[in-house]
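As a basis for the values below, the full set of heavy atoms in this structure was taken, side chains included, without hydrogen atoms, waters or symmetry mates. Letters A, B, ... mirror the listed sequences (proteins, then strands); counts begin at 1. Since this is a predicted model, take the numbers as computed values, not measurements.
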2 protein chains.
Amino acid sequence: MAVTLQQIADAAGVSRRTVDRALKDQGRVRPEVAEKIKKLAEEMGYRPNQAGRALALAKNPIKIGVITQSSETPFMQEVLVGVHDARRRVRRNGADVEICRIDGVNARQVIACMEKLKESGVRGMALVPAEDEGIKLEIDRLSEEDHIPVVTFNSDVSNSRRICFVGQNNKKAGQTAAGLMADCLKSYEQIGIITGSAENPALNSRVKGFQETLSELRPDLMINQVYYIADDELQAEKITVELLNEFPQTKGIFVSAPAVLGVCRALRKKGVEKEIIVIANDVLGENIKCLEEGSINYLIGQEAYFQGYEGVMTLYRYLLEDRKPKKELEYTDIIIKNRYNI
Amino acid sequence: MAVTLQQIADAAGVSRRTVDRALKDQGRVRPEVAEKIKKLAEEMGYRPNQAGRALALAKNPIKIGVITQSSETPFMQEVLVGVHDARRRVRRNGADVEICRIDGVNARQVIACMEKLKESGVRGMALVPAEDEGIKLEIDRLSEEDHIPVVTFNSDVSNSRRICFVGQNNKKAGQTAAGLMADCLKSYEQIGIITGSAENPALNSRVKGFQETLSELRPDLMINQVYYIADDELQAEKITVELLNEFPQTKGIFVSAPAVLGVCRALRKKGVEKEIIVIANDVLGENIKCLEEGSINYLIGQEAYFQGYEGVMTLYRYLLEDRKPKKELEYTDIIIKNRYNI
DNA sequence: GTGAAAGCGCTAACAT
DNA sequence: ATGTTAGCGCTTTCAC
């Protein structure tokens with residue numbers, strides 16, 4: 001049987017409560033006693049029983065707040081599935097999760113939600129932020145003044161006091177795509193890039209990673225100008241047609257934008273979907289269909305579900321076990337899918 | 001706050017114990033009362049608190065037995081890391097895991113271990129079996145007569161009474177490799193296949209999946225004869241040299257065998273590592289090095305760690321929450337790695 | 001057929 | 001500065 005608090009208390013000749021305090025550095029214990037207790041716990045290999053802890057905490061339950069942006073997108077829907085699964089799981093342990101869904105990107109709204117969640121007494125927050133000074137300030141204030149730990153997921157706020165970030169390394173995602181493209185294309189072929197808003201740092205990193213790595217691996221290839229689109233399938237289709245008209249020799253396309261379906265439609269209409277290697281991002285419903293029927297060759301995934309699930313669970317573990325994540329940047333795996341391993 | 005047993009008891013006007021019995025169909029409750037209780041529980045949305053359950057169970061702890069074969073291989077080492085992590089986790093909940101490591105493949109020893117674990121009072125078993133009639137019989141006997149649920153992981157025993165299998169779909173792994181190879185090679189190029197023992201069903205499935213899919217995708221390619229090796233790096237190197245001498249036009253190699261390093265050495269000595277697309281299996285130490293330095297282009301992974309971790313955890317959840325796995329065949333993701341997403 | 005009661009290991013309010 | 005104690009929600013023994 002595992003070592004319990006009581007056993008340490010017996011061994012040290014003090015009460016359970018004293019051991020508890022000593023182990024948590026809560027003071028109010030004579031330093032030499034605390035020292036002795038800690039040594040004893042170490043020697044006896046004490047590991048707190050999580051079930052016991054969770055149960056005791058059910059008196060005033062741990063509550064976690066979650067804020068998501070762009071909640072209407074298919075990608076974030078998938079993230080939210082992960083969040084809800086995590087909620088179900090922590091609920092079965094007597095904790096709870098309160099979720100604020102924000103549609104679109106809106107820093108002001110995020111800050112308002114943070115305030116609201118704080119008022120409602122959450123002990124920690126997991127949120128999808130944006131590189132915004134106001135959000136950064138609020139994160140720092142929660143962490144420092146209110147002692148409410150914050151986890152960012154999916155997107156990050158660099159240099160803020162969040163305990164960690166769970167999400168993709170976008171540059172590496174772009175590089176991974178470049179590696180695939182380099183293997184698939186023959187000498188001196190042409191490449192097109194389609195991406196979303198030029199202001200989106202995530203998309204930019206991907207594209208940059210792709211360009212840099214590809215020109216290093218295959219200096220012979222010709223990487224044409226970057227085409228920008230909004231998240232709109234119709235526009236994506238139009239732009240893709242433009243690209244194909246402008247550069248009819250294109251043999252590879254990297255799609256960093258969300259509107260993958262529009263691109264596929266254009267390729268099919270032009271009847272070139274079999275001749276062009278297409279690598280796109282996000283392993284999601286419509287995209288998967290394109291992959292299955294062959295108009296896309298590879299999808300690069302970022303574990304949307306896991307981001308949501310792990311964002312919440314990281315925080316829960318931190319709150320329950322006082323266990324800091326090992327790394328400040330918890331990068332999710334970069335997934336490569338072709339038709340056969342979906 | 002979540003619904004508790006007590007609340008249901010109050011609502012039904014009976015004691016907690018009665019509710020407990022009714023919900024578990026343990027009899028000794030008047031049928032109409034049982035019916036009423038179940039309906040009530042449903043309506044109130046009762047979800048047993050896992051922390052409470054785990055804690056109560058700590059009186060006579062859940063013990064899980066684990067048996068691994070080929071435990072000396074790097075692959076199984078990785079699986080065992082997962083097993084140990086799972087052990088740490090369930091221990092923190094008051095349960096325990098007992099592990100039997102078997103070196104090499106040995107059905108008799110597996111059966112002996114199953115017997116031993118049963119004597120030592122385990123409530124469930126997770127094991128790496130082999131397609132062996134004796135093992136199958138023992139699995140069925142444990143499941144039926146002793147009511148000890150069994151989970152197979154990494155390899156399976158088809159048609160046995162295990163509650164589920166956690167591991168790779170080998171055929172799909174081969175197909176995935178074929179998809180990659182089809183994209184990388186130019187017209188009419190030649191392909192070599194190197195695999196391990198012809199008796200190993202896992203390796204055979206991979207090779208078959210690869211051959212079938214590749215000849216379907218690219219009928220122009222020429223797939224040469226299959227080379228067989230033992231798990232010996234030196235022999236692998238020799239055989240690879242043979243292959244290259246026999247078919248100097250080879251432009252793609254699929255390595256289904258464990259001895260990947262030997263293959264890489266041969267390629268380097270021959271100075272052809274940059275001209276040949278190599279796709280190998282298992283994302284592990286030495287293989288990763290080959291991938292990083294470029295003598296391998298792709299590694300197909302089978303989530304070794306996860307197989308070990310999830311094999312044990314599936315069983316634990318089954319025992320704790322009485323929750324059957326959703327699927328009988330719990331296939332792990334087929335991972336594609338290039339130099340950039342390792 | 002049903003219920004009372006004793007824990008499981010931990011936390012935290014309340015003594016001392 | 002340290003100890004006592006009352007639960008958290010569940011399982012299980014034992015008595016009715």
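Atom CG in A:Leu5 sits about 13 Å away from atom P in D:dG3, given to the nearest Å. If you take CG of A:Leu320 and P of C:dA12, they are 11 Å apart, rounded to a whole angstrom. The CG atom of B:Asn93 sits 13 Å away from the C1' atom of C:dC10 (whole-angstrom rounding). In this structure, A:Gln26 places its CD atom 13 Å from C1' of C:dC10, rounding to the nearest Å. Rounded to whole angstrom, the span from the CD atom of A:Gln6 across to the P atom of C:dT11 amounts to 13 Å. Between A:Arg92 atom CZ and D:dC10 atom C1' there is a gap of 13 Å when expressed in whole angstrom units. Per the geometry, CG belonging to B:Asp10 stands 12 Å off P belonging to C:dG3, to the nearest Å. Going from atom CD1 of A:Ile8 over to atom C1' of D:dT2 covers 17 Å, rounded to whole Å.
Note on B:Arg53: every side-chain N or O is 4.0 Å or more away from OP1 and OP2 of D:dG9. Listed pair B:Lys59 / D:dC10 fails the phosphate criterion, with no side-chain N or O lying under 4.0 Å from OP1 or OP2.
Ionic pairing of A:Arg317 and A:Glu310 is present here: one or more N-O contacts between side-chain nitrogen and carboxylate oxygen are shorter than 4.0 angstrom. Between B:Glu138 and B:Arg141 a salt bridge is recorded (basic side-chain N to carboxylate O distance below 4.0 Å). Salt-bridge check for B:Glu115 with B:Lys118: passed, with a basic side-chain N closer than 4.0 Å to an acidic carboxylate O. A salt bridge is absent between A:Asp85 and A:Arg89: the closest approach of a Lys/Arg side-chain nitrogen to an acidic carboxylate oxygen does not fall below 4.0 angstrom. Between A:Glu72 and A:Arg101 there is no salt bridge, since no side-chain nitrogen of the basic residue lies less than 4.0 Å from a carboxylate oxygen of the acidic one. Of the charged side-chain nitrogens involved, none lies within less than 4.0 Å of a carboxylate oxygen, so that A:Asp20 and A:Arg16 do not count as a salt-bridged pair.
The side chain of A:Arg30 has D:dA1 as its nearest neighbour among D:dC10, D:dA1, D:dG7.
Under 3.5 Å, the side chains of A:Thr68 and A:Ser71 contain a donor-acceptor pair of N or O atoms. With hydrogens and angles left out, the side-chain atoms of B:Thr314 and B:Glu330 include no donor and acceptor closer than 3.5 Å.
Of the residues in residues 11-21 of chain B, those lying under 4.0 Å from DNA chain D by heavy-atom distance are B:Arg16, B:Arg17, B:Asp20.
Residue whose closest nucleotide on DNA chain C sits further toward the 5' end, between B:Gly52 and B:Pro31: B:Pro31.
Side chains of A:Gln7 and A:Tyr46 form no contact here, defined as non-hydrogen atoms less than 4.5 Å apart.
Rounded to 10 degrees, the angle separating the terminal axes of the helix from C:dG1-D:dC16 to C:dT16-D:dA1 is 40°, with each axis obtained from five end pairs.
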